[in-house]
Amino acid sequence: MFNNQYGFVVLLTLSNVFMTFAWYAHLKNLSAKPWWIAVLASWAIALFEYALQVPANRIGYQHFNLGQLKIAQEVITLSVFVPFAVFYMGEPFKTDYIWAGICLLGAVYFMFRS
């Protein structure tokens, strides 16, 4: 199912959901706890991220070069981060997210044009 040209995108998206929670959810959920508890919780979440990210990159590398994989990862990261920041963390939506997305579209164009 995921072992095709674009299946890696699904795995990277799921991977990014886990990583975004590992990196930032402790700011909301564990802010009153010692930092080492947040580290342990983040590591536990990150284990699932790596279980998805490693096969995703192996699949993607069969069809795309390393630069293309990295830019795809950055686009996916922003696509996951913005809803997380707005809906989960309660941050206001900023037009800077749109500008960052436009810049990433430029990066996509240059990495995938040849």
Side-chain angles (χ1 to χ4, degrees):
M1 175 179 176
F2 296 116
N3 204 17
N4 62 36
Q5 185 175 1
Y6 296 104
F8 80 100
V9 173
V10 174
L11 291 174
L12 281 180
T13 301
L14 294 171
S15 161
N16 262 273
V17 169
F18 281 106
M19 203 59 188
T20 301
F21 273 89
W23 283 4
Y24 301 111
H26 66 87
L27 299 173
K28 178 178 180 179
N29 301 325
L30 300 175
S31 61
K33 303 284 185 191
W35 66 267
W36 60 269
I37 291 176
V39 168
L40 292 175
S42 293
W43 280 353
I45 295 168
L47 174 65
F48 294 104
E49 185 270 340
Y50 277 95
L52 295 167
Q53 177 267 334
V54 170
N57 281 329
R58 287 181 175 222
I59 293 166
Y61 195 59
Q62 294 173 9
H63 306 283
F64 301 100
N65 68 45
L66 193 59
Q68 291 169 330
L69 284 177
K70 182 59 182 170
I71 293 304
Q73 170 68 31
E74 295 303 328
V75 170
I76 292 167
T77 297
L78 186 62
S79 300
V80 168
F81 177 77
V82 172
F84 172 85
V86 172
F87 297 115
Y88 186 79
M89 295 296 288
E91 297 282 324
F93 182 81
K94 298 171 15 175
T95 55
D96 290 343
Y97 295 138
I98 295 170
W99 299 123
I102 291 170
C103 289
L104 282 175
L105 288 177
V108 168
Y109 169 75
F110 287 112
M111 290 307 292
F112 285 87
R113 69 182 171 158
S114 56

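- Using cut-offs of 30° and 60° on the angle between ring planes, the pair Y24 and F84 is tilted.
- Expressed to the nearest 0.5 Å, how far OH of Y61 lies from CG of L66 amounts to 6.0 Å.
- Atom CD of residue Q68 and atom CD of residue Q73 lie 14.5 Å apart, to the nearest 0.5 angstrom.
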Indicate every side-chain donor-acceptor pair of residues 25-46 with a distance under 3.5 Å to a residue at least two apart or in another chain.
residue : atom : partner : partner atom : Å
H26     : NE2  : W23     : O            : 2.9
K28     : NZ   : Y88     : O            : 2.6
N29     : OD1  : Y88     : OH           : 3.3
N29     : ND2  : A25     : O            : 3.4
N29     : ND2  : Y88     : OH           : 2.6
S42     : OG   : A22     : O            : 2.6
S42     : OG   : A38     : O            : 2.9

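- Residue pairs that meet the salt bridge (Lys or Arg N to Asp or Glu O under 4.0 Å) test with at least one member in residues 74-85, sequence neighbours left out, are K70-E74.
- Residues L105 and F81 do not share a hydrophobic cluster, clusters being chains of Ile/Leu/Val/Met/Phe/Trp/Tyr side chains in contact below 4.5 Å.
- Residues Y109 and L69 do not share a hydrophobic cluster, clusters being chains of Ile/Leu/Val/Met/Phe/Trp/Tyr side chains in contact below 4.5 Å.
- At most 12 non-hydrogen atoms from other residues, nucleotides or ligands lie less than 6.0 angstrom from CZ of F48.
- In this structure, F8 and F64 have tilted ring planes: the angle between them lies in the 30° to 60° band.
- The CG atom of L78 lies 10.0 Å from the SG atom of C103; values are rounded to the nearest 0.5 Å.
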Report the C-alpha distance between F87 and V82 in whole Å, list the side-chain angles of each, state the deciding distance to 0.1 Å, and finish with yes or no for side-chain contact (heavy atoms from CB on, under 4.5 Å). CA-CA 8 Å; F87 297 115; V82 172; over 6 Å; no
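- Two rings, from Y50 and F18, have their centers 6.0 Å or more apart.
- Of the inter-residue distances, the one linking M89 atom CE with T20 atom OG1 reads 11.0 Å to the nearest 0.5 angstrom.
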Could you please spell out the steps behind the side-chain contact (heavy atoms from CB on, under 4.5 Å) verdict for T77 and L12? CA-CA 9 Å; T77 297; L12 281 180; over 6 Å; no
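- Y97 is connected to I102 through a chain of hydrophobic side-chain contacts under 4.5 Å among Ile, Leu, Val, Met, Phe, Trp and Tyr, so both are in one cluster.
- Note: the hydrophobic cluster containing V86 also contains L104 (ILVMFWY, side chain heavy atoms under 4.5 Å, direct or indirect links).
- Note on residues 57-67: no pairs pass salt bridge (Lys or Arg N to Asp or Glu O under 4.0 Å), not counting sequence neighbours.
- Cluster annotation: I71 and F110 are assigned to distinct hydrophobic clusters (Ile/Leu/Val/Met/Phe/Trp/Tyr, side-chain heavy-atom contacts under 4.5 Å, transitive).
- For the atom pair CD (E49) and CG (N16), the distance works out to 7.0 Å, reported to the nearest 0.5 Å.
- Of the possible donor and acceptor atoms, none in the side chain of S15 sits under 3.5 Å from a partner among the backbone N and O of L11.
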Intermediate values then yes/no, side-chain contact (heavy atoms from CB on, under 4.5 Å), V80 and T13: CA-CA 7 Å; V80 168; T13 301; 4.2 Å; yes
